[in-house]
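Remember, predicted model here, so these are calculated numbers, not experimental data. Throughout, a chain's letter reflects where its sequence line sits, starting with A, and its residues are numbered from 1. Basis for what follows: all heavy atoms, side chains included, without hydrogens, waters or symmetry-related copies.
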Amino acid sequence: MKNLPAFVFILFLAILQAALSPHFKILGVAPNFVYAFVVVFSVKKSDGPILLEAFLAGLILDLFSSLPMGIFTFLLPLLVWLIKFFGKNIFQTSELFGKIFLLAASSLAFPLFYILLADLLQNFNQMPEIGFWHDFFWIGLLEAAWNFLLSLLFFIMFFGEKKAELRNIKNGLSFRI
Amino acid sequence: MAKNNSRKFYILGGIVAATALLVFFNFSGWFSAPKDFVCRICFSVSRPFYSLGLKISGIFHFVGNFKDLAYENEQLKEENRQLTLKFVELREVLNENDFLSKQLQMLPPLKSRLIMADIVGFNSDNLGQLLMLNRGANEGLAENQAAIFAGGLLVGRLIKVNKNSSQVLAITDSKSSVLAVTQESRLSGVIKGDHSAGLIFEVASLKEGINEGELLITSGLDGNFPRGLLIGRIESKISQESEALHRFKVKPALNCKQLERVFVVIGNN
């Protein structure tokens, strides 16, 4: 029940994604609001279950997607799990830089994985004709860039990144939050 | 710590299992009722946001193209004059056609029913071009029916129909293919989506040349689309002379992203 506000917000973002983002595509590609929120949420939130939120976010994305059911439902929890794994085992010392690196890496991994999965499943019914390399270079890389920028924006907006921490990025310091 | 890690593995395993179940339910059709329920809720909320986005992007488009407006206005006036002349000519041909049909006692063309549906959104990913409609099987919509815009412009065809919502595959989607014919040279071919960038017209044999600017209409031979729906205009040839298949770049007659509603053609067959 305590996760209800997050679910409602994810649903709201999914609606915005379907209704608003097509009108504001840059170079034919729109960022993914739902992905950005879930990833920032998992990067910032040090404990507690985020996998369930990611699962539901993926499910909602799948409902509005042109790809076969299950791709985002599978991918978002997997990404969240990987973020938690790498966040705990590799990026402990320089946490803020580590978090930004994680945002960048997951922004690249998200389109890479979903285009790859869609490519593997393309023999199933009613989905776009996909050439993996074509779509990854022309759509995936751009989407990764927009998603990273949007994630950074969410990182600062919704999760109150402290000014002192941002100042420390400028000074090139690294420390634990 | 180890207990916590194993718990997370269990959760992840559970999610993978749930996803596999979802995929199975979806293929077997058991998932359609809850999907329709969620879509119904979401689409009732998304409609105002879609209209808002349309208005804002319209403002940006207007500001971006302000310089060209005077020139475009003159062009449209000229086109309007030409069309009026053509309309008068066609009206005469129509009357003559009616008269001859009666003389020959031919059957009248099949009457189609049109159902109006609001576009409430697009697909959430960047790979395809799907339009979400707020009408579904309850209103008589079914898969493979044609979605058109007022005046007989082809938008796409229905590929998924729930009880109260449906999805249209736009003709500009790379999965879409429509049998078409050029209006003047009467060459038949296939119109395919070009990764959302436009349309490609493919013709196997080119007995006559195709003029640039020639209109393309549906041939109606595929059974999904009524004959005579406007698709677009030939822009240029993109294939080499040595290629077996002649390919032409086509400018779509309408931009799907600027539409607020479409009509679904019911009872064409």
Inset, instruction - Determine which pairs satisfy side-chain hydrogen bond (donor to acceptor under 3.5 Å, both in side chains) with at least one residue from residues 40-50 of chain B, sequence neighbours left out, and list them in order. - result: B:Arg47-B:Glu260

Legend entry - Test ring pair (Phe, Tyr, Trp, His ring centres under 6.0 Å) applied to A:Tyr35 - qualifying residues, sequence neighbours left out: A:Phe110

Legend entry - Contacting region of A:Leu142 [heavy-atom separation from chain B under 4.5 Å]: neither

Inset, instruction - Kindly write out the residues that satisfy side-chain contact (heavy atoms from CB on, under 4.5 Å) with A:Ala145, not counting sequence neighbours, or none if the list is empty. - result: none

Inset, instruction - Measure the CZ-CG distance between A:Phe72 and B:Asp125 for me, rounded to the nearest 0.5 Å. - result: 5.0 Å

Inset, instruction - Would you name the heavy atoms of A:Leu16 and B:Phe49 that are closest together and state the gap between them? - result: CD2-CD2, 3.6 Å

Inset, instruction - To the nearest 0.5 Å, tell me how far B:Leu54 CG sits from A:Leu20 CG. - result: 10.5 Å

Legend entry - Neighbour count above 12 (heavy atom, 6.0 Å) for A:Phe85 CZ: no

Inset, instruction - Name the region of A:Thr73, side chain, backbone, both or neither, that has any atom closer than 4.5 Å to a heavy atom of chain B. - result: both

Inset, instruction - Using only heavy-atom distances, determine whether the side chains of A:Asn32 and B:Ser124 contain a donor-acceptor pair under 3.5 Å. - result: no

Legend entry - Gap between atom OG of A:Ser66 and atom CZ of B:Phe122 - 0.5 Å precision: 12.5 Å

Inset, instruction - Look up atom CG in A:Leu63 and atom OG in B:Ser165, then write down how far apart they are to the nearest 0.5 Å. - result: 9.5 Å

Legend entry - Residue part contacting chain A, namely of B:Ile41, when any heavy atom lies under 4.5 Å: neither

Inset, instruction - Could you tell me whether B:Lys237 atom NZ has more than 12 heavy atoms of other residues or ligands within 6.0 Å of it? - result: yes

Inset, instruction - Sort B:Gln258 into side chain, backbone, both or neither according to what part of it lies under 4.5 angstrom from a heavy atom of chain A. - result: neither

Inset, instruction - Count the heavy-atom pairs under 4.5 Å between each of B:Cys42, B:Ser57, B:Gly58 and chain A, then report the option with the highest count. - result: B:Cys42

Inset, instruction - Under 4.5 Å, counting heavy-atom pairs only, tell me which of A:Gly70, A:Gly140, A:Ala30 racks up the most with chain B. - result: A:Ala30

Legend entry - Side chain / backbone / both / neither for A:Phe74 at chain B, heavy atoms under 4.5 Å: both

Legend entry - Contact listing (chain A partner; residues 130-137 of chain B; heavy atom under 4.5 Å): B:Leu130, B:Met132

Inset, instruction - Heavy-atom distances under 4.5 Å only: say whether A:Phe33 touches chain B with side chain, backbone, both or neither. - result: neither

Legend entry - Part of A:Leu11 within contact of chain B (heavy atom distance under 4.5 Å): side chain

Inset, instruction - Please flag which part of B:Val120 lies under 4.5 Å from any non-hydrogen atom of chain A: side chain, backbone, both or neither. - result: backbone

